[in-house]
Amino acid sequence: MFFSFAASLLLASSVIAGPVNSATPRQIIARCGSEPSAEKVAAAEKSFTANRVSAAARGASYKMAPINVYFHVIQKSDAPEGGNVPDSQLKEQIDIMNKDYSSAGISFALANTTRTTNEKWFSRASPNAAEQTEMKEALRQGDEKDLNVYTVGFEEGDAKGLLGYATFPSDAKTELKDDGVVILFSTLPGGATENFNKGRTLTHEAGHWTGLYHTFQGGCNGEGDQVEDTPPEGEPASGCPKGADTCPKDGLDSITNYMNYSYDSCMDQFTEGQVTRLKDQLATYRNM
């Protein structure tokens, strides 16, 4: 299910990361766009409750196989600023992912890298855009167990200025060609996007791909992110606001959580509840 940056627009199949090129501080530090509607979440959670497969029920000896990652580097030119991401950055991104997901017992392996020069895809890829459909239909590999990552520029169109967006597990089988993550190439480790260039954009978007909502989902009074050990938050984090408490008496905000909007340097954890949820989402919808 796409969720657009515009608060009034709910699309059909993924979560969009927010703009980094606008003038205001709030927009500059935003990672993802608007939340899914309460109705959309309710329908998704009803399905998950009815069909949930418990990963823990498989026993302590069960070990999930590494998730194959297929990188699709889209560039408009051979220059670094044109999206020509070196293999060293992709390898470092996999290393970051393995570090960030180690507490969940999940690992990632680079399965293949494709490189495509296509200025339209690089500049205009966005949810439901013809350029995205062409890109994914031409390049996607593997099945619902495999993570396809497309690095683009987000220069024009509805996705201009975004950090990235991702699909959710519940849509994988019915919309397999659409399944995956699209990120701004300069958010990879060592990239040019200030405060968001340590690889945590992909960690965040892969969190959606594994079934997690934002920690501030639903605000102070909603159903939240469906995880008990992440306190409600009235708004996303901005920068690294230590001691923030946007929903008083419910516990301090999870500013270091990968599913918040904090700077990359501030992020360092998933909670036990998030780990349980993402493992069950993967077992239920991705046969993992």
Side-chain angles (χ1 to χ4, degrees), residues 5 15-22 25-33 66-67 69-75 80-104 106-110 113 147-154 159 161-166 180-210 212 214-216 230 233 236-242 244 253-271 274-275 278:
F5 176 72
V15 176
I16 297 182
V20 295
N21 297 324
S22 300
R26 166 61 64 188
Q27 290 176 318
I28 289 173
I29 56 93
R31 281 186 173 273
C32 289
I67 295 174
V69 179
Y70 293 88
F71 269 112
H72 305 290
V73 177
I74 313 301
Q75 59 190 47
E81 61 271 21
N84 187 11
V85 177
D87 289 339
S88 58
Q89 275 189 292
L90 303 181
K91 181 182 182 300
E92 187 174 356
Q93 179 67 76
I94 293 293
D95 292 342
I96 292 291
M97 293 277 284
N98 282 328
K99 176 181 180 293
D100 293 348
Y101 281 84
S102 61
S103 65
I106 292 175
S107 63
F108 300 84
L110 180 56
T113 301
L147 174 58
N148 281 251
V149 180
Y150 307 81
T151 63
V152 301
F154 294 136
L162 300 183
L163 289 180
Y165 57 89
V181 168
V182 184
I183 63 170
L184 181 64
F185 76 96
S186 55
T187 64
L188 292 168
T193 302
E194 187 177 3
N195 297 317
F196 301 101
N197 58 359
K198 296 183 182 297
R200 268 49 193 258
T201 290
L202 185 52
T203 296
H204 179 99
E205 298 304 337
H208 294 312
W209 187 84
T210 60
L212 299 179
H214 294 129
T215 54
F216 51 85
T230 54
E233 297 174 41
S238 174
C240 191
K242 294 181 180 179
D253 294 359
S254 303
I255 65 165
T256 64
N257 197 282
Y258 293 124
M259 300 313 296
N260 210 321
Y261 280 5
S262 307
Y263 289 166
D264 279 15
S265 59
C266 189
M267 293 181 157
D268 65 9
Q269 62 136 347
F270 291 113
T271 67
Q274 286 176 312
V275 168
L278 72 83

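Atom set for the values below is all heavy atoms of this structure, side chains included, hydrogens, waters and symmetry mates excluded.
Here the straight-line distance linking atom CZ of Phe185 with atom OG1 of Thr193 works out to 7.5 Å at 0.5 Å rounding. If you take CG on Leu202 and CD1 on Ile96, they are separated by 10.5 Å, rounding to the nearest 0.5 Å. Summarising the geometry, atom CD belonging to Gln269 is positioned 4.0 Å from atom OG1 belonging to Thr256; distances are rounded to the nearest 0.5 Å. Here Asn260 contributes atom CG and Ile255 contributes atom CD1; the two are 8.0 Å apart, rounded to the nearest 0.5 Å. We find the SG-NZ distance between Cys266 and Lys198 to be 12.0 Å, quoted to the nearest 0.5 Å. Note that CD of Gln93 and CZ of Arg200 are 9.0 Å apart. Values are rounded to the nearest 0.5 Å.
By the 4.5 Å heavy-atom criterion applied to side chains, Thr215 and Gln274 are counted as neighbours. Leu147 has its side chain within reach of Met97: a pair of non-hydrogen atoms, C-beta onward, lies under 4.5 Å apart. Contact annotation: the side chain of Leu188 approaches that of Leu90 to within less than 4.5 Å [non-hydrogen atoms, C-beta and beyond].
Side chain of Glu233 to backbone of Ser254: a donor-acceptor contact under 3.5 angstrom is found. Without hydrogens or angle criteria, Asn98 side chain to Phe108 main chain gives a donor-acceptor distance under 3.5 Å. A donor-acceptor pair is defined here as one N or O able to donate and one able to accept, closer than 3.5 Å; no such pair exists between the side chain of Tyr263 and the backbone of Glu194. The closest donor-acceptor contact from the side chain of Asn257 to the backbone of Met259 lies under 3.5 Å.
In terms of heavy atoms, Ala166 sits closest to His208 at CB-CB, 4.0 Å. Residue Ala237 comes nearest to Ser262 through the heavy atom pair CB-OG, 3.3 Å, listed as atom of the first residue, atom of the second, then distance. Contact record, Leu163 with Thr201: O-CG2, 3.6 Å, taken as the closest heavy-atom pair.
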Subject >> side chain to side chain contact (heavy atoms under 4.5 Å, CB included) between Phe154 and Val182, intermediate numbers included >> reply: CA-CA 10 Å; Phe154 294 136; Val182 184; 3.6 Å; yes

Subject >> Thr203 vs Asp100, side-chain hydrogen bond (donor to acceptor under 3.5 Å, both in side chains): CA-CA, chis, key distance, verdict >> reply: CA-CA 7 Å; Thr203 296; Asp100 293 348; 2.7 Å; yes

Original post:
For Tyr258 and Tyr101, what are the C-alpha separation, side-chain angles and deciding distance, and is it a side chain to side chain contact (heavy atoms under 4.5 Å, CB included)?
Top reply: CA-CA 10 Å; Tyr258 293 124; Tyr101 281 84; over 6 Å; no

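Residues that satisfy the side chain to side chain contact (heavy atoms under 4.5 Å, CB included) test with Ala192, not counting sequence neighbours, are Ser186. Residues passing the salt bridge (charged side-chain N to carboxylate O under 4.0 Å, His left out) test with Asp95, sequence neighbours excluded: Lys91. When the side chain to side chain contact (heavy atoms under 4.5 Å, CB included) test is applied to Glu81, the partners found at least two apart in sequence or on another chain are Ala79.
Using cut-offs of 30° and 60° for the angle between ring planes, the Phe216 and His214 rings count as parallel.
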